[in-house]
There are 2 protein chains.
Amino acid sequence: MEISAAQRRLLEAAVDAFAEHGFGGTTTRDIARRAGRSPAAVYVHHASKETLLYVISLEGHTAALSCLQRAFDSCADPEARLRAMVSEFSAWHLDHARLGRVIQYELHALSDEHRAEILALRREFQSLMVAALDDGIAAGSFDVEDVDGTARALLSLCIDLARWFDPALSRHPQALARLNADLALRMVR
Amino acid sequence: MEISAAQRRLLEAAVDAFAEHGFGGTTTRDIARRAGRSPAAVYVHHASKETLLYVISLEGHTAALSCLQRAFDSCADPEARLRAMVSEFSAWHLDHARLGRVIQYELHALSDEHRAEILALRREFQSLMVAALDDGIAAGSFDVEDVDGTARALLSLCIDLARWFDPALSRHPQALARLNADLALRMVR
DNA sequence: GTCTATATGTTGATAGAC
DNA sequence: GTCTATCAACATATAGAC
């Protein structure tokens, strides 16, 4: 299903509004106003406020997962691979802080079916990180006692950036991504 | 200002509701129902829905900060101190996951003045963690390049637990707190 | 596709009886 | 303090003109 320019504009307006006020605190009028449209225009292009969040969550998770997968595929060496994964996944949450905030903290507002679909996607992040750790352990590069827990912690380090990062206030995101990668390598060896 | 039993019950109901549906997605009727009261009873004990969130945020941040401060004070040795801080602060977010979710992710719904007050409190978490790292560096126990960034990452590790932890599904919070402490020490040496 | 106008239900908060 | 009843504003979503 293709997404038209008008749909895209409303989705971007919804991301901004949801990130700023939360799903429940956002009105469809606000979304319409941010997109420069009338309140009725929202429903020409999207079925409901909830489906806006669903499309945002689906696209956001897919993009973030692609980012992590690309980093996973980019290297064979376990250390370089983990560095790439943490650095790129951190950078994604810094470059898309508002989108990241919505997809990480507004899951509760999805319908049960939509939420289940998104939660299934989320398990793949953990699987990828576990695979990267297992590889490093098998190669003798990593010393990790609790693989699941360490994978969770590595993802936490990246995801939590979206909670507080403000591109208008914070120092260069590249330094943050690099620091997280440095810390990640310390955590596994 | 003392808080009566009726006020307390409504505050606890509000924490549950805000954690489940977000501030904007929660109705005062829902809060009243959870507390076993009529919708009007909310306004006998609290001035507004926003002041409920404010009191929750203030008490929550104060409690979490006390937790971190107690851990800071509990040890003189830099390594034992950092272990205590990360372990106790993690455990706090596991034991108070719903409260943690509200105070970490619903700040946007506070009035400007209330939010400024809470943000001032939040800077003390960072200061405490920086002090713990500086001590360890001065004592020659820690090797940390970016003190501010590492302190931020250590707090992230603890705080992000509140995002996903579900006491009904995850059975070993102590193991999570201990793992975070182990990872923290790896991050600084 | 665009809009204005509006149907229909819900919201935060209040009035006033007890 | 408790409640029922309610207000005025606002919500999501739709109807129908253009």
Taking only the side-chain nitrogens and oxygens of A/His46, find out if one of them lies under 4.0 Å from OP1 or OP2 of D/dA13. no
Starting from P on C/dC3, measure out to CG on A/Leu10 and report it in whole angstrom. 10 Å
Transitive ILVMFWY cluster of A/Leu169 at side-chain heavy atoms under 4.5 Å: who else is in it? none
Between A/Arg9 (CZ) and C/dG1 (C1'), how many Å, whole number? 14 Å
Rounded to the nearest 0.5 angstrom, the CD-OG1 distance for B/Glu20 and B/Thr26 is 8.0 Å
What's the verdict on side chain to side chain contact (heavy atoms under 4.5 Å, CB included) for B/Lys49 and B/Phe23, showing C-alpha distance, side-chain angles and the deciding distance? CA-CA 9 Å; B/Lys49 186 175 137 180; B/Phe23 179 84; 3.4 Å; yes
Options C/dT2, D/dT2, D/dT4, nucleotide nearest the side-chain atoms of B/Ser38: D/dT4
Return each pair, listed once, that meets side chain to side chain donor-acceptor pair (under 3.5 Å) where at least one residue sits in residues 150-167 of chain B; pairs must be two or more places apart or across chains. A/Gln104-B/Arg163, A/Ser156-B/Asp160, A/Asp160-B/Ser156, A/Asn180-B/Arg152, B/Asp160-B/Arg163
How close or far is atom C1' of D/dC10 from atom CZ of A/Arg33, stated in whole angstroms? 15 Å
Can you tell me the distance, in whole Å, between the NE2 atom of B/His45 and the C1' atom of D/dT2? 9 Å
Any chance you could measure A/Leu110, atom CG, to A/Glu117, atom CD, to the nearest 0.5 Å? 9.5 Å
Contact state string [nucleotides 12-18 of chain C, B base, S sugar-phosphate only, - no protein heavy atom under 4.0 Å]: BBBB---
How many angstroms lie between atom SG of A/Cys75 and atom CG of A/Asp135, to the nearest 0.5 angstrom? 12.0 Å
